[in-house]
4 protein chains.
Amino acid sequence: MTAHELDRAEAILAAALDLFVERGFHGTSVPSVAERAGVAAGTIYHYFSSKEALVNALYKQWKAQIASQVVTGFPFDKPAREQFRVIWERMAEFAIAHPKEIAFLELHHHGSYLDPESRQIENQLIDFGVEMVKRAQAEQVVKALPAELLVEFVDGAFLGVFRAALEGRLPMTKAMMMDAERCCWEAVRA
Amino acid sequence: MTAHELDRAEAILAAALDLFVERGFHGTSVPSVAERAGVAAGTIYHYFSSKEALVNALYKQWKAQIASQVVTGFPFDKPAREQFRVIWERMAEFAIAHPKEIAFLELHHHGSYLDPESRQIENQLIDFGVEMVKRAQAEQVVKALPAELLVEFVDGAFLGVFRAALEGRLPMTKAMMMDAERCCWEAVRA
Amino acid sequence: MTAHELDRAEAILAAALDLFVERGFHGTSVPSVAERAGVAAGTIYHYFSSKEALVNALYKQWKAQIASQVVTGFPFDKPAREQFRVIWERMAEFAIAHPKEIAFLELHHHGSYLDPESRQIENQLIDFGVEMVKRAQAEQVVKALPAELLVEFVDGAFLGVFRAALEGRLPMTKAMMMDAERCCWEAVRA
Amino acid sequence: MTAHELDRAEAILAAALDLFVERGFHGTSVPSVAERAGVAAGTIYHYFSSKEALVNALYKQWKAQIASQVVTGFPFDKPAREQFRVIWERMAEFAIAHPKEIAFLELHHHGSYLDPESRQIENQLIDFGVEMVKRAQAEQVVKALPAELLVEFVDGAFLGVFRAALEGRLPMTKAMMMDAERCCWEAVRA
DNA sequence: CATGAATGAGTTTTCATTCAT
DNA sequence: TATGAATGAAAACTCATTCAT
């Protein structure tokens, strides 16, 4: 692909992201994506075989990116407390830098238009979290509850706070996010 | 209205709830609601003036019901720890009894098709939580963080756990929900 | 039929007349007629077998009435000038007393929903006019042009003036209509 | 626009004109217009944003055209008798060349679906006529009646004769129309 | 008789997708 | 490759008519 083509594909993806977040998958028309991207409607079909392919591309792109941001260079040798902080902090940084993308991933979680590949990626981070929790439980620094429960709890708490920030009910700042992190650690620690 | 008419209105609301949860507002067609409700498409318009009126009716009905379940006979004189448990327990009972309804309220939170009345109801429970938290903070039994933050944290954690149960990754039992409750109290207590 | 039934039928006809004039046949719904008549939608079908039957009933009723008003006690023995004045005057009186009815007949002239019987009545007055003109032409008091032409000319002129009055561009008064009558006689006289 | 596109827009306008004249605005469905124009139903919405936009486009197009035909190169310096003849003759020529268009303008006069712009154009020709009549009245060659009355009279007479010709009750010929013109002049002359 | 809930065909309109240019 | 006109299926909604009450 040439640089020009990449630009167009990016413009389409960016426009689609905006609109999918604003109006949802079914509420977003392909022509509206084209218009916001500054291309003709037909052009979208040079880059994506269908509207579904477009959501799936977006979904995979950002799921992969967030997973990479969390996992890359993860301090597997540090204590659980520190690991917890790192995961939360990296997600917070990502969320503050890419709020729309997180909102998109949340909103389209489990949409019937996601293909099997996207579905597989869906739980990647949750699975990573479960591994971390189990390790910490082995060291008895985290509560002896089902690891899944703790992870879903943490994930939910994080998203609850993030969503409130997105909707303006809380400041979207790292300090606020790290306040929440300290609360959350108390929830899971042994 | 006769009993028969109430039945039909109920059938339509129930069918719409199912489908709105499965496919979202824009992904659900009025004829598909009619089919599932066992009525003709036109009949829906005898009971609801538009598809939007239908979502809003559902939204208000269940938002009001969950608020009533939490607030009715609330033990305002008990200690904060007990109040927290009561709120969580009542929401858990509601969620276990009406999982689809909770999923519906979550999914349609902030939809552009919600009317001003629905929007007003939206934050009723959050506001109630904020009041409770502030009272508890006055007694120094809860962390001195912004009350909004704590409430959104709790709400998020609850929903994270509930959603995992809904999707089969956790058991949808009261015991599990109350395990989460204990975690959550540790997150917010002073 | 009882008096009560006649009342209902009249109320339906009156409501239908209003709405057919305001919005036309296809633009008027049966429920809207029912509402304005103060009856239930189904009730209309006790009196008229269909929406088409309803327009046709109205059409025949008023076409007959206007013809009767013009023809009853017509001075067949008076001079043509006087006969012309009488026809115009009677139509003017009718039009001033029943402007909506005239507008209705005009608007629905030649509608595809008129039945054969209504169509037959359509030209009754025109035919009467043609007879009168031919008689007057035999006496050479009216121009020796095709009788049809003169009659349609007169009819058109009458309606043009009436419509302007209906729309408020001219006063709906007998004096004004009789001014027009004098003009019109000059148009047709020999 | 390419020639091809213009063709399609023209085909749609022509089909719509036919059907609006035959069945009225509300009696004409968009698919029926599409079928007669030989295009798909959706295509109509590339050229006209709605069914209302379509009638309004037609209305403005032909109202403008008839006004232009009457007014362009109008002999403002000729005597009133000659001016009257010119107006009538030009309208007759237009009516004979475009009978459906005149019928359309008549039928849709004052339809509730006409937009403000169309409404403004509506009385353009009537206003022109009023000006001409007032000038002629100043010279005392035309009756000293309200100018509006004379103009509506003439307009009505013209349309009455035209409509009879359209419906086959009179020959649609210029000779016939000019016979009517002579009658009409006698109606208005002083 | 009178009602008005129910029906389902039909209306206007949108939109994912294709394809000639 | 890029376009955007064209398509036609499907959406939301309306309405003439029927029929159980």
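Not measured: the values here are computed from a predicted model. Order of the sequence lines sets the chain letters (A, B, ...), proteins ahead of strands, with each chain counted from 1.
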* Asked: Got a sec, which pairs hit salt bridge (charged side-chain N to carboxylate O under 4.0 Å, His left out) with one end in residues 37-48 of chain D, sequence neighbours left out?
  -> none

* Can you find a side chain N or O atom of A:S29 that sits less than 4.0 Å from OP1 or OP2 on E:dT14? -> no

* Asked: Below 4.5 Å, heavy atoms only, C-beta onward: do D:R163 and C:H110 meet side chain to side chain?
  -> no

* When you check the phosphate oxygens OP1 and OP2 of F:dA5, does a side-chain N or O of D:T43 lie under 4.0 Å from one of them? -> no

* Asked: Within less than 4.0 Å of OP1 or OP2 of E:dC15, is there a side-chain N or O belonging to A:R23?
  -> no

* Asked: C:I12 CD1 to E:dC1 P: how many Å, rounded?
  -> 12 Å

* Between P of F:dA5 and CD of A:E35, the distance in whole Å -> 13 Å

* Structure fact -> When rounded to whole Å, the NZ to C1' distance for the pair C:K51 and E:dG10 reads 13 Å

* Structure fact -> Whichever of A:G38 and D:I44 has the more 5' nearest nucleotide on DNA chain F, that residue is A:G38

* Structure fact -> Between D:V30 and C:A40, whichever has its closest DNA chain E nucleotide further toward 5' is C:A40

* To do: Using a heavy-atom cut-off of under 4.0 Å over every strand shown, decide if D:P31 touches base, sugar-phosphate, or nothing.
  => base

* Which atom of D:V21 lies closest to which atom of D:L107, heavy atoms considered -> O-CD2, 3.7 Å

* Whole-Å distance separating the CD atom of D:E52 from the P atom of E:dT11 -> 17 Å

* Round to a whole Å and report the spacing from CG of D:L54 to P of E:dT13. => 10 Å

* Asked: Is the shortest side-chain N/O distance from D:R8 to OP1 or OP2 of F:dT7 below 4.0 Å?
  -> yes

* Starting from P on E:dA16, measure out to CZ on A:F25 and report it in whole angstrom. => 8 Å

* Given D:N56, which of D:S50, D:S118, D:P116 fulfils the side chain to side chain contact (heavy atoms under 4.5 Å, CB included) condition? -> D:S118

* Kindly express the pairing pattern of DNA chain E in dot-bracket notation, using | wherever a base pairs with another strand and counting only Watson-Crick or G-U pairs under 3.5 Å. => .||||||||||||||||||||

* Is there a donor and acceptor pair, one atom on the side chain of D:H46 and one on the base of F:dA5, closer than 3.5 Å? -> no

* **Minimum heavy-atom distance between B:A37 and B:A11, given as atom pair plus value** => CB-O, 3.6 Å

* Asked: Do B:H108 and B:F20 have ring centres separated by under 6.0 Å?
  -> yes

* **Residue whose nearest DNA chain F nucleotide is more 5′ - C:G27 or D:V39** => D:V39

* Structure fact -> By nearest-nucleotide position on DNA chain E, the 5'-leaning member of B:G42 and D:Y45 is B:G42

* To do: Using whole Å, report how far OH of D:Y47 lies from C1' of F:dT7.
  => 12 Å

* Looking for any heavy atom pair under 4.0 Å, which part of the strands does B:T28 touch: base, sugar-phosphate only, or nothing? -> sugar-phosphate

* Using whole Å, report how far NE2 of B:H26 lies from P of E:dC15. => 10 Å

* Closest non-hydrogen atom pair between C:L19 and C:S32, with its separation -> CD1-O, 3.5 Å

* Please tell me if the side chains of C:V30 and C:Y45 come closer than 4.5 Å, counting only heavy atoms from C-beta onward. => yes

